[in-house]
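What follows is a single structure, written as structure tokens, with notes after it.
Given the structure is predicted, the values throughout are model-derived calculations rather than measurements.
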Amino acid sequence: MLLPAAALLITFLLIPIGLTFGLAFTNARLISPRPAEFIGVDNFVRLFDDETFWKSLRNTILFAIVIVPVQSAAALGLALLVNVRMRGVNFFRTIYFLPVVTSMVVVSMLWLFLYQPNGLINQVLAKFGIHGPDWLGDPKTALIAIILMSAWQAMGFHMVIWLSGLQTIPADLYEAAALDGAGTWQQFRHVTWPGLRQTRTFILITITIAAFSLFTQVNIMTQGGPLDSTSTVVLMAVRTGFQQQQTGYASAISLVFFVLVLLVTLVQRYYTREKEVR
């Protein structure tokens, strides 16, 4: 019974990972009459001297640093709003979750029009006397615009996860806290937040992984521009491997990205484990 799943894992996971490790040390090209040759660590030396790589790495880390607290906090706020028993609450849950089931390509195209200099966002700002910027054409605002769109698109998914965690907290704890004179903030601090420990660990990991794999919205909206202000490591690897057909160099980029994500995951697991021990 394990054979079908094992075959899929070996074919689409283990073999590609092995090829990535092997090709990273060669000069392989996607389409070339010449066979790949072993060149040692030349790809990595070239990579660490590549200014575009450092810009892409900086943008990826900056995106993750901002999106993790913003998206998780916004999703938690929505979960607290819909975690009530009243008529119509299921409607709002559906509305908040709707962007999640919409294709990221469709969402990116929609926001691409909204971010135009004469788009809806700048027209609304003009009503208040504010001259809106060229959101995706200015290096100072392009990454911010993508962060806002990404946070809006995925917060519904994490809202559902927060909501499931909220509903596991016994109501007796809130009643006891209210009898002790605890206000709304004190109940959240001493009852809700500690009760969401496992939930927030899961959300931290999932948002971080999604943040580091940022690709689709950048590829649709800016293609990494302007001036590489929105370029990411994944976008650079895809562009190098498929557009420039430098398979070996793209494998080196992917391998460095794998090590980076692995280190971040290990750090998260370490601090999560420490909190659980306490």
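- Of the possible donor and acceptor atoms, none in the side chain of Gln244 sits under 3.5 Å from a partner among the backbone N and O of Gly241.
- Taking hydrophobic clusters as Ile, Leu, Val, Met, Phe, Trp and Tyr residues chained together by side-chain heavy-atom distances below 4.5 Å, Ile15 does not share a cluster with Leu2.
- Of all non-hydrogen atoms in Leu76 and Trp162, the two that sit nearest each other are N-CD1, 3.4 Å.
- Atom CD1 of Ile39 and atom CZ of Phe44 lie 9.5 Å apart (nearest 0.5 Å).
- Within a 6.0 Å radius of CD1 in Ile130, more than 12 heavy atoms belonging to other residues, nucleotides or ligands are found.
- Contact check for Thr222 versus Tyr115: no side-chain heavy atoms found under the 4.5 Å cut-off.
- No side-chain heavy atom of Leu110 sits under 4.5 Å from any side-chain heavy atom of Met149.
- Counting heavy atoms from C-beta on, the side chains of Leu78 and Val82 never come closer than 4.5 Å.
- Side-chain contact between Leu80 and Asn83: absent, with no pair of heavy atoms (C-beta onward) separated by less than 4.5 Å.
- In the hydrophobic clustering of this structure, Ile65 groups with Val68; members are Ile, Leu, Val, Met, Phe, Trp, Tyr whose side-chain heavy atoms approach within less than 4.5 Å, directly or through other members.
- To the nearest 0.5 angstrom, Asn27 atom CG is 8.0 Å from Asn43 atom CG.
- Enclosure of atom CD in Glu51 is not indicated, since only 12 or fewer non-hydrogen atoms of other residues, nucleotides or ligands lie within 6.0 angstrom.
- In the hydrophobic cluster analysis, where Ile, Leu, Val, Met, Phe, Trp and Tyr join through side-chain heavy atoms closer than 4.5 angstrom, Ile209 is grouped apart from Met104.
- Separation of atoms CD1 (Ile147) and OG1 (Thr141) is listed at 11.5 Å; rounding is to 0.5 Å.
- By the 4.5 Å heavy-atom criterion applied to side chains, Phe25 and Val41 are counted as neighbours.
- With rounding to the nearest 0.5 Å, the separation of CD in Gln116 from CD in Gln123 is 11.5 Å.
- Between Phe63 and Phe212, the ring centre distance reaches or exceeds 6.0 Å.
- Of all the heavy atoms in Thr230 and Leu143, the pair that sits closest is CG2-N, 3.6 Å.
- The two residues Val191 and Leu173 have their closest heavy-atom pair at CG1-CB, 3.8 Å.
- The aromatic rings of Phe48 and Phe53 sit perpendicular, their planes meeting at an angle over 60°, well past the 30° parallel limit.
- The two residues Val107 and Trp152 make their nearest non-hydrogen contact at CG1-CZ3, 3.7 Å.
- For the pair Phe97/Arg93, no side-chain contact is recorded, criterion being any heavy-atom separation below 4.5 Å from C-beta on.
- Using the six-membered ring where Trp is involved, Phe188 and Trp193 have ring planes that are tilted, between 30° and 60° apart.
- Between Thr192 and Tyr174 there is a side-chain heavy-atom pair separated by less than 4.5 Å.
- Scanning both residues, Val233 and Thr60, for their nearest heavy atoms gives N-OG1, 3.3 Å.
- When all heavy atoms of Leu255 and Ala24 are compared, the pair lying nearest together is CD2-CB, 4.1 Å.
- A donor-acceptor distance shorter than 3.5 angstrom exists from the side chain of Asn59 to the backbone of Asp228, with no hydrogens or angles considered.
- Using a 4.5 Å cut-off between side-chain heavy atoms of Ile, Leu, Val, Met, Phe, Trp and Tyr, with links allowed through other members, Phe258 and Ile205 fall into different hydrophobic clusters.
- The hydrophobic cluster containing Met1 does not contain Leu3, counting ILVMFWY residues as joined when their side-chain heavy atoms lie under 4.5 angstrom apart, directly or transitively.
- The closest side-chain heavy-atom distance from Trp135 to Leu114 is not below 4.5 Å.
- Between the CD1 atom of Ile17 and the CD1 atom of Ile10 there is a distance of 12.0 Å, given to the nearest 0.5 Å.
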